[in-house]
Amino acid sequence: MPRFTATRPRHHLLSMAAVLACQGALAQSTPPTERVEVIAPPLVEAQRVDAFGSLSTEVGTTQVRDLQALDLSAALRRTPGVNVSRFNPVGSFGGDEGGAVYVRGLGASRPGSEVKTFVDGLPFYMGVWNHALLDLLPVHGMERIRVLKGPQPQALGNTFAAIDMLPLQAKEAGVRGNLRLMGGSFGTLVEQADFSGRWGDVDLSVAQSHAESDGHRDAAQGRLDNSLLRAAWRLSPEWSVGALLLSADNKVSDPGEEGLPASRTGQFSTRGTLSSLSLSHQHGTWRGRLQVYDNHGAGTWDNPQAAVTRSTFALRGWRWQETAQPWAGAELQAGWDVDQIDGSVAFNGFTAFEGVSMRLSSPHLALAQRWALSTDWQIQPSVGLRLYDHSVYGRSTAPHVGVVLEQGSTWAWRLNASRGLNHPGLDAPLLNSLVPPLAASPNGWRELNPERMNHLEAGMQWRPQAGHSLDVTLFKDAVADRYVFAFPPAVALPSWTNLGRYEMRGAELSWQGRWSPQWSSHVNVTLLDPSRTDLPYAPERSLGLGLTWQAGPWRVSADGQAQSAMNTLSQARADGSSNAGRVGGFAVFSGRAAYAVPALGPRGEVFLGLENLGDKRYAYRPNYPMAGRSVQVGLNLSL
């Protein structure tokens, strides 16, 4: 079985297998089928390979704190394989370049997206437009953010890549609490509070945060408010029940192009609630969980140049997942996902779209088997299949195969091939009703097929000594049947069709090391080579850097983000559309210094954060410059 190298007890880092475990067992064990290096203090992220040869990157609360991140795009800005976009210091304007996350060049399609977002494995996004709204996904109150690279049908379905946010949970008896207050440049004010406790068979976690800023330009203000409650009760040594409630209420403005106030498109407000109930069990090596969930919300775009657009969404369904070790060296995973999506759109109070409902059912099964080849070598092949049954788009399949080869705890090689499917959502009938030429084919959207991506990935991990690891990944993604609406002569009549296709080849390198009890560092490089040269938010070269020094009461961290020039704006659903918008490359460095103050509690500290130390001019959209040098100061009180 994979070995773990650590300089202190393992932190609570979980795989999909652990997500299936009962909530009481989650706090005590890490599944034996993952390979991951844990170094103390925690570094930038953990690179994880599951039993099926699939790679994910996890970002924990330490990195979120060191990055002074208030939202998801800020928290993931230096994660391998991830690029981001944004307008303002606080908040994301809509679900487009005003605030989005892209994984290996995926995620720029609008409406719709190839990257779906989840909370505790449950889908949470703007269902009527079929893409994420980052402001609905608070980073405060989350223990870990997991980025799944490429399609992983054994974990999450109906997407080419995924971001899964896992809420805080109490891991030890007793109570813990934090109150963080921060303020600084651009009239930015932040308050974050969280509390967790475990009393016998009951554990409870509560988090709440507020952030606001006037912004670095006129009309660049933003406000974020969110709260989270998670509770679990162990009914017996084998069974437990749990509940989750998340609420978000936000408002962000569009500052427009620099020097052109007339280009501003108003304010975007988001509100959303996610709730779930779960029943978990663990009987020996057999463990699983059933989750029933409901989420709903609205996004209101108050655009003085056009109209007030109010979009509502509702997603509900359930997740059933089981993991077992039926014989020596085997891991069996099975599950069944069911989702129903509803939504509406109104302009200036008049409903323009309502009434279509979609349902997707997707059972899945996967098996991995580990064999010892010698005293030092082990091999683990795997195979699996996810079946889809869509209320509109029929049935389809997503298979996957993989193999992991390990030599002790020093070397590991992996190979993985999988198919990803992404079904058209309510955005297809919605645009069919809004684009006048498509009236010639009123049911054309029903003839679509799901988008397909064939994914091939090879990787290597090397651990030359305790506290150091190198991960190298090569991948190729072939996207086909992208759904777009087209006009003659591409089609006989204006209608939806599956015409779009492109390839993405790339490589990721991630190195992290702990050089001494005081110093640790991280560097990652991502190289992308898309067949479509106008693909937005897919820079050819990206670099992320991190450096941490901790001694006595001091903790100092520095980070850097650099990338080459790239195309921008969204990848429209119209056939033949292109992206002429482009921004230049940039390099931005930031830092944070904290001094522990015991009088403020066991984790009490005062801190100073500096962003864009070089006062560099850069942007994620043409003529939308980001903030220059800025300063934030604050303190943390704890129990």
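- Here the shortest heavy-atom pairing between A398 and Y388 reads CB-CE1, 3.8 Å.
- Between the side chains of W496 and S441, not a single donor N or O lies within less than 3.5 Å of an accepting N or O.
- A side-chain N or O of S362 and one of R386 form a donor-acceptor pair less than 3.5 Å apart.
- H390 and Y393 have tilted rings, their planes meeting at an angle from 30° to 60° on a 0 to 90° scale.
- No hydrogens or angles considered: nothing links the side chains of E258 and N623 as a donor-acceptor pair under 3.5 Å.
- Counting all heavy atoms, side chain and backbone alike, N612 lies closest to G628 at ND2-CA, 3.4 Å.
- Using a 3.5 Å distance cut-off with no hydrogens or angles, the side chains of T270 and N250 do pair a donor with an acceptor.
- Heavy-atom minimum distance, D575 versus A490: OD2-CB, 3.7 Å.
- Checked by atom type, the side-chain pair Q154/S54 shows a donor-acceptor distance below 3.5 Å.
- Of the possible polar contacts, none joining the N432 side chain to the N443 backbone as a donor-acceptor pair under 3.5 Å is found.
- Of the possible polar contacts, none joining the S570 side chain to the R110 backbone as a donor-acceptor pair under 3.5 Å is found.
- Nearest heavy atoms, Q47 versus S510: NE2-CB, 3.9 Å.
- Between S521 and L547, the shortest heavy-atom distance links the atoms CB-CD1, 3.9 Å.
- Judged by a 6.0 Å distance limit and a 45° cone about the ring axis, R217 is positioned over the six-membered ring of Y624.
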Exercise for the section: Determine, stepwise, if the pair H400 / Q152 fulfils side-chain contact (heavy atoms from CB on, under 4.5 Å). Expected result: CA-CA 8 Å; H400 61 95; Q152 300 185 22; over 6 Å; no
Practice task
Take L431 and W129, measure what side-chain contact (heavy atoms from CB on, under 4.5 Å) needs, and give me the verdict at the end.
Solution key: CA-CA 9 Å; L431 287 188; W129 293 103; 4.2 Å; yes
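- To the nearest 0.5 Å, atoms CZ (R582) and CG (N567) are separated by 5.0 Å.
- Between V101 and T79 the shortest side-chain heavy-atom distance does not fall below 4.5 Å.
- The closest side-chain heavy-atom distance from V64 to V59 is below 4.5 Å.
- Between the D96 side chain and the G98 main chain, no donor and acceptor come within less than 3.5 Å of each other.
- A distance of 4.5 Å separates CZ of R78 from CG of L67, quoted to the nearest 0.5 Å.
- Judged purely by distance below 3.5 Å, without hydrogens or angles, the side chains of S357 and D342 pair a donor atom with an acceptor atom.
- Put simply, the side chain of N498 gets close to the backbone of D481: a donor and an acceptor are under 3.5 Å apart.
- Side chain to side chain, Q461 and R463 meet the donor-acceptor criterion of an N or O pair below 3.5 Å.
- Counting only heavy atoms from C-beta outward, the side chains of N158 and N422 approach each other to under 4.5 Å.
- With no hydrogens or angles considered, a side-chain donor-acceptor pair links R414 and T473 at under 3.5 Å.
- Ring-centre distance between W511 and H468: below the 6.0 Å cut-off.
- D254 contributes a side-chain N or O that, together with a main-chain N or O of G256, makes up a donor-acceptor pair within less than 3.5 Å.
- N524 and E508 form no side-chain donor-acceptor contact under 3.5 Å, judged by distance and modelled atom types alone.
- Listed here is the closest heavy atom pair of L148 and V103: O-CG1, 4.4 Å.
- Side-chain atoms of D427 and Y483 include a donor-acceptor pair closer than 3.5 Å.
- S433 places no side-chain N or O within donor-acceptor distance of the main-chain N or O of F353, the cut-off being under 3.5 Å.
- Within the 4.5 Å cutoff, no side-chain heavy atoms of V525 are placed close to those of R541.
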Problem - Step-by-step salt bridge (Lys or Arg N to Asp or Glu O under 4.0 Å) determination, R319 to D337 - result: CA-CA 5 Å; R319 293 286 189 275; D337 302 347; 3.5 Å; yes
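- More than 12 heavy atoms of other residues, nucleotides or ligands sit less than 6.0 Å from atom CD of Q340.
- How far OG of S531 is from OH of Y502: 8.5 Å, rounded to the nearest 0.5 Å.
- Distance alone, capped at 3.5 Å, is enough to place a donor-acceptor pair between the Q305 side chain and the R264 backbone.
- A donor-acceptor pair is defined here as one N or O able to donate and one able to accept, closer than 3.5 Å; no such pair exists between the side chain of D120 and the backbone of L122.
- Residues satisfying the side-chain contact (heavy atoms from CB on, under 4.5 Å) criterion with P530, sequence neighbours excluded, are M504, L535.
- Separating the OG atom in S564 from the CG atom in L543 is a distance of 11.0 Å, to the nearest 0.5 Å.
- A heavy-atom distance below 4.5 Å is found between the side chains of L426 and V356.
- P399 places none of its side-chain heavy atoms less than 4.5 Å from the side chain of S418.
- Counting only distance, with no hydrogens or angles, the side chain of Q561 and the backbone of G544 share no donor-acceptor pair below 3.5 Å.
- From M142, atom CE reaches atom CG of D164 across 9.5 Å, with rounding to the nearest 0.5 Å.
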Side-chain donor-acceptor pairs under 3.5 Å in residues 80-94, sequence neighbours left out?
unit_1: N83; atom_1: ND2; unit_2: S542; atom_2: OG; d: 3.2
unit_1: N83; atom_1: ND2; unit_2: Q563; atom_2: OE1; d: 3.3
unit_1: S85; atom_1: OG; unit_2: E97; atom_2: O; d: 3.1
unit_1: S85; atom_1: OG; unit_2: A100; atom_2: N; d: 3.4
unit_1: S85; atom_1: OG; unit_2: Y102; atom_2: OH; d: 3.0
unit_1: R86; atom_1: NE; unit_2: N88; atom_2: O; d: 3.2
unit_1: R86; atom_1: NH1; unit_2: D71; atom_2: OD1; d: 3.0
unit_1: R86; atom_1: NH1; unit_2: D71; atom_2: OD2; d: 3.3
unit_1: R86; atom_1: NH1; unit_2: S73; atom_2: OG; d: 2.4
unit_1: R86; atom_1: NH2; unit_2: D71; atom_2: OD2; d: 2.9
unit_1: R86; atom_1: NH2; unit_2: N88; atom_2: O; d: 3.1
unit_1: R86; atom_1: NH2; unit_2: P89; atom_2: O; d: 3.2
unit_1: N88; atom_1: ND2; unit_2: S253; atom_2: O; d: 2.7

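- A donor-acceptor pair shorter than 3.5 Å can be found between the side chains of S109 and R482.
- Of the possible polar contacts, none joining the R617 side chain to the P625 backbone as a donor-acceptor pair under 3.5 Å is found.
- Ring planes of Y618 and Y620: perpendicular class, angle over 60° (limits at 30 and 60°).
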Exercise for the section: Walk me through it: do L72 and M165 pass the test side-chain contact (heavy atoms from CB on, under 4.5 Å)? Expected result: CA-CA 10 Å; L72 192 58; M165 308 181 71; 4.0 Å; yes
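- Side-chain contact between Y537 and T568: present, with at least one pair of heavy atoms (C-beta onward) separated by less than 4.5 Å.
- Between the OG atom in S382 and the CD atom in Q333 there is a gap of 10.0 Å [rounded to 0.5 Å].
- Counting only heavy atoms from C-beta outward, the side chains of H131 and Y125 never approach each other to under 4.5 Å.
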Practice task
Dump the intermediate steps for side-chain contact (heavy atoms from CB on, under 4.5 Å) on Q380 and V403, then the final yes or no.
Solution key: CA-CA 5 Å; Q380 182 169 271; V403 62; over 6 Å; no
